Student: 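My structure is below; once you've seen it, I'll send some questions.
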Amino acid sequence: MISESIIKTDLENIKYYSVRKYALNPYFDTFAENDIVALTEKYNNAMKSAPIKLYHLYVLRYLKGCTQEDIANEMGFTHTTIHSMHNTLIEWLCKNIQEND
């Protein structure tokens, strides 16, 4: 099982890449592709089997870069519920991401 701190760091890096993909991808074509591309693919593949609400939360937070408030508005839940769901997402990923994929 992978640690929460690694998951959180990975997710922040995925979010950074995902919201700036349009600016970063040309560099990957010119130079070398960064490892973040494979890491994002690894997490995206794992999320295919996630419960749908966690999948939706992941897409909004880490692929689209939405705030928790924006997510609460889009999903129709309270900010407290989104915070709780985020903790559940982290726990789910700890159990479902393979460390050496």
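On a predicted model such as this, the values are computed, not experimentally measured, just so you know.
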Student: Find the distance between CG (N13) and OG1 (T40) and round it off to the nearest 0.5 Å.
Tutor: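 With rounding to 0.5 Å, CG (N13) is 8.5 Å from OG1 (T40).
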Student: Measure the CZ-CG distance between R20 and L24 for me, rounded to the nearest 0.5 Å.
Tutor: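 Rounded to the nearest 0.5 Å, the CZ-CG separation comes to 8.0 Å.
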Student: State the CD1-CG distance between I90 and L11, to the nearest 0.5 angstrom.
Tutor: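 CG of L11 is found 5.0 Å from CD1 of I90.
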Student: Using side-chain contact (heavy atoms from CB on, under 4.5 Å) as the criterion, list what pairs up with T67, not counting sequence neighbours.
Tutor: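 T67 satisfies side-chain contact (heavy atoms from CB on, under 4.5 Å) with E69, D70 only.
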Student: Side chains of L93 and L54: does their closest heavy-atom pair fall under 4.5 Å?
Tutor: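 Of all side-chain heavy-atom pairs linking L54 with L93, none is under 4.5 Å.
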Student: With the 4.5 Å side-chain cut-off for hydrophobic clustering, are V19 and V37 part of the same group?
Tutor: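 In one cluster: no.
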Student: So, taking the atom named CH2 in W92 and the one named CG in L57, what distance separates them when rounded to the nearest 0.5 Å?
Tutor: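 The distance works out to 12.5 Å.
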Student: Honestly curious: do I14 and Y22 fall in one hydrophobic cluster under the side-chain, below-4.5 Å linking rule?
Tutor: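 Not linked; separate clusters.
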Student: Rounded at 0.5 Å granularity, tell me how far CD in Q68 sits from SG in C66.
Tutor: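 Q68 CD to C66 SG: 11.0 Å, rounded to 0.5 Å.
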Student: Just grab all the side-chain hydrogen bond (donor to acceptor under 3.5 Å, both in side chains) pairs involving residues 45-57, residues at least two apart or on different chains.
Tutor: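 Sorted pair list: N45-K48.
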Student: Taking only residues two or more places apart in sequence, or in another chain, which ones meet D10 in a side chain to side chain donor-acceptor pair (under 3.5 Å)?
Tutor: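 For D10 the side chain to side chain donor-acceptor pair (under 3.5 Å) partners, ignoring immediate neighbours, are Y43.
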Student: Can you sort out the partners of E12 under side chain to side chain donor-acceptor pair (under 3.5 Å), two or more places apart, ordered by chain and number?
Tutor: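 Applying side chain to side chain donor-acceptor pair (under 3.5 Å) to E12 gives K15.
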Student: How many angstroms lie between SG in C94 and CD in E4, if you round to the nearest 0.5 Å?
Tutor: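 C94 atom SG to E4 atom CD measures 5.0 Å (nearest 0.5 Å).
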Student: What are the two closest heavy atoms between L60 and I71, and how far apart are they?
Tutor: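 Residues L60 and I71, closest heavy atoms: CB-CG1, 3.8 Å.
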Student: Enumerate donor-acceptor pairs with a distance under 3.5 Å from any side-chain N or O in residues 27-35 to protein atoms, sequence neighbours excluded.
Tutor:
unit_1 : atom_1 : unit_2 : atom_2 : d
T30    : OG1    : P26    : O      : 3.1
N34    : OD1    : I36    : N      : 2.8

Student: Give the table of side-chain donor-acceptor pairs shorter than 3.5 Å for residues 79-87, with sequence neighbours excluded, one pair per line with atom names and distance.
Tutor:
unit_1 : atom_1 : unit_2 : atom_2 : d
T81    : OG1    : T78    : OG1    : 2.9
H86    : NE2    : Y62    : OH     : 2.5

Student: Answer with yes or no whether the hydrophobic clustering places I97 together with I6; edges join I, L, V, M, F, W, Y residues whose side-chain heavy atoms lie under 4.5 Å apart.
Tutor: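 Yes; tracing contacts between hydrophobic side chains, which count when under 4.5 Å, links both residues.
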